[in-house]
Amino acid sequence: MESTNDDDGLRCLVTGATGYIGGRLVPELLDAGHRVRCLARSPEKLRDYPWAGRAEVVRGDVTDAESVGAAMRDIDVAYYLVHALTSGPGFEETDRTAARIFGEQARAAGVRRIVYLGGLTPADVPERELSPHLRSRAEVGRILLDSGVPTTALRAAVIIGSGSASFEMLRYLTERLPVMVTPSWVSTRIQPIAVRDVLRYLVGSAHMPAEVNRTFDICGPDVLTYRDMMQQYARMAGLPQRLILPVPVLSPGLSSHWIGLITPVPASIARPLAESLRFEVVCHEHDIADHVPDGPGQPFSFGTALSLALQRVREARVTTRWSSASTPGIPSDPLPTDPDWAGGSLYTDVRELDVDASPDALWRVIEGIGGENGWYSLPWAWAVRGRLDRLVGGVGLRRGRRDAQRLRVGDSLDFWRVEEIEPGHLLRLRAEMRLPGLAWLEMYAEKGEHGRSHYRQRAVFHPAGLLGHAYWWSVSPFHAFVFGGMARNIARAAGREAAGGAA
């Protein structure tokens, strides 16, 4: 990224661009006339984003000083939008180390400003009593503020927007439970904020004067309880009023498992969300407006934020989701592409069929798989597998799709993630369910003879130890029903798609 003058906008570095906020911030910065560089562990995950051709993407990790330092070169404003959302061992030390590296490298590179999005902490509550995640986010903010680089540390409570974890949790709890026994935190007062306002404050913070080095509370205008939020959602979604019975016995741990069973948000992510709701989180100042002025109707009310999110969901225009970011602890190794791969045993299940449809019709079925369309074989078996995965702490089958028709690299797809997509030809999925090994599923649409197409499907499993081998052989008798039925039903669906298109 070459040096530029102020008329060309600022040069911005964005970390966390594969996440919910970062993936939405990048196009906002670009549209504001800034130049953007994204630091990502897996740059290929950003390849299919609509704005990918307008931003520079470099490989690196916030815990690696060398890659962070290289990414900071020629940067004016550095956005720190990464967090260890799940409760893996040592996440606080990881957050601490990453923040120190980021601040040190920003100072060494002469960065003008750091902008950080953290969590709103309750007043008059000792930090030692906060949840580990809120405590860690507060510490990250202090580290960046003490880095020697002028820092804007924004603190938000619940963020409401299509695809946010908080919105999905609110949505599914309300829609699926007309009567619910809930944790006592449903009576806690909260001041939510629309994701559009969060993005506006993030973009505007880039222009703060050099003497500003402080935290800012950012919230919408409404202070509500979580019960109020659920009832308001029910009204806006056209649902009857919900009967909500709070009880004091549901701990954050039990709450997170309860949320994990009812909503697509797994317990590992639900826990920090539930823990953050134990204490009242409301804004104590609105000084951000002195630097990023609010326009008419801004910040948005909770009702407006909810309406905008619901509209996006109904129109299938959800640009990023909470599941856009990788979940720690899930498989991330790339598929060994060499058939004679020397890394160990590989089990495969291959199915091939000629299809009475064009490759385009076959591809539309392949790209539309999962979510509401299902997996084209034994729906009950997939549902049971998803529930079992939830019980052992996995992501389960309920993450669905970001878009009903289109996929891009990095998208979560039920308990898979899109690892590779060649439009019109190949879809490769990597399993993110709990398994004693690594697994992939590939689907190909290939040109056949006489206007027909050829469907090829390959399941690949790399076992981890003896348990992995035992797992493969224990489930292989069912592959004829699951994978065989899947191939046949995809071929039939493509035939119907072709017949419908020709009608």
Side-chain angles (χ1 to χ4, degrees), residues 1-62 64 66-83 98-99 101-103 105-118 144 147 149-154 159 161 163 195-208 210 291-292 318-321 324-326 402 408-411:
M1 188 180 294
E2 296 180 358
S3 179
T4 181
N5 58 49
D6 289 339
D7 293 336
D8 296 324
L10 298 170
R11 298 157 297 188
C12 302
L13 174 69
V14 176
T15 62
T18 59
Y20 177 71
I21 294 293
R24 297 189 181 206
L25 175 63
V26 172
E28 295 288 333
L29 290 169
L30 291 168
D31 291 346
H34 303 309
R35 297 188 181 187
V36 178
R37 175 184 295 153
C38 302
L39 177 69
R41 288 194 305 262
S42 303
E44 60 275 6
K45 289 185 179 179
L46 297 174
R47 187 189 70 192
D48 297 330
Y49 277 57
W51 45 260
R54 301 164 60 200
E56 179 187 4
V57 181
V58 297
R59 186 181 300 275
D61 190 291
V62 289
D64 175 41
E66 184 176 353
S67 64
V68 173
M72 290 282 188
R73 292 189 190 118
D74 303 322
I75 290 296
D76 297 312
V77 181
Y79 285 87
Y80 192 82
L81 303 174
V82 292
H83 295 290
I101 288 173
F102 197 82
Q105 295 301 321
R107 185 177 66 251
V111 171
R112 299 184 199 173
R113 176 161 299 280
I114 293 172
V115 181
Y116 167 62
L117 178 61
L144 296 176
S147 66
V149 178
T151 295
T152 302
L154 305 179
I159 297 175
V195 68
R196 296 192 187 194
D197 286 314
V198 174
L199 295 171
R200 180 170 59 86
Y201 290 139
L202 284 168
V203 174
S205 293
H207 292 286
M208 286 189 180
H291 303 282
V292 187
V318 181
T319 55
T320 62
R321 299 178 70 217
S324 301
S326 297
R402 176 191 55 83
R408 64 191 184 201
V409 170
D411 271 359

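Since the model is a prediction, treat every value here as computed from it, not as a measurement. Residues: numbered from 1 along the sequence shown.
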Does the Arg107 side chain pair with the main chain of Ser147, one donor and one acceptor, at a distance under 3.5 Å? yes
Judged by atom type as modelled, is there a donor-acceptor pair below 3.5 Å linking the side chain of Thr151 to the main-chain atoms of Ala153? no
Between Trp51 and Gly23, is there a donor-acceptor pair closer than 3.5 Å when you use the side chain of the first and the backbone of the second? yes
Please walk me through it: do Val26 and Leu46 pass side-chain contact (heavy atoms from CB on, under 4.5 Å)? CA-CA 11 Å; Val26 172; Leu46 297 174; over 6 Å; no
Do Thr18 and Arg41 come close enough that some side-chain heavy atom pair is under 4.5 Å? no
Ring pair (Phe, Tyr, Trp, His ring centres under 6.0 Å) against Tyr79, all qualifying residues, sequence neighbours excluded: none
So does Glu56 get a backbone contact from the side chain of Arg35, meaning a donor-acceptor N/O pair under 3.5 Å? no
List for me each residue that meets side chain to side chain donor-acceptor pair (under 3.5 Å) alongside Asp64, sequence neighbours excluded, and say none if there are none. Ser67
Less than 4.5 Å apart, any side-chain heavy atom of Val62 and any of Ile101? no
Rounded at 0.5 Å granularity, tell me how far CD1 in Ile159 sits from CG in Leu199. 8.5 Å
Ion pair Arg11/Asp74, N-O distance below 4.0 Å: no
Side chains of Asp31 and Glu28: does their closest heavy-atom pair fall under 4.5 Å? no
Side-chain donor or acceptor of Arg37 paired with backbone N/O of Val58 under 3.5 Å: no
Using 0.5 Å steps for rounding, measure from the CG atom of Leu13 to the CZ atom of Arg73. 12.5 Å
Count the heavy atoms belonging to other residues, nucleotides or ligands that lie under 6.0 Å from CD of Glu44, then report whether that count exceeds 12. yes
As a quick check of understanding, evaluate side-chain contact (heavy atoms from CB on, under 4.5 Å) for Thr152 and Leu202, giving each step before the final call. CA-CA 9 Å; Thr152 302; Leu202 284 168; over 6 Å; no
His83 and Tyr116: aromatic ring centres closer than 6.0 Å? yes
Could you tell me the separation between the CG atom of Asp61 and the CG atom of Leu39, rounded to the nearest 0.5 Å? 7.5 Å
Qualifying residues under side chain to side chain donor-acceptor pair (under 3.5 Å), relative to Ser205, sequence neighbours excluded: none
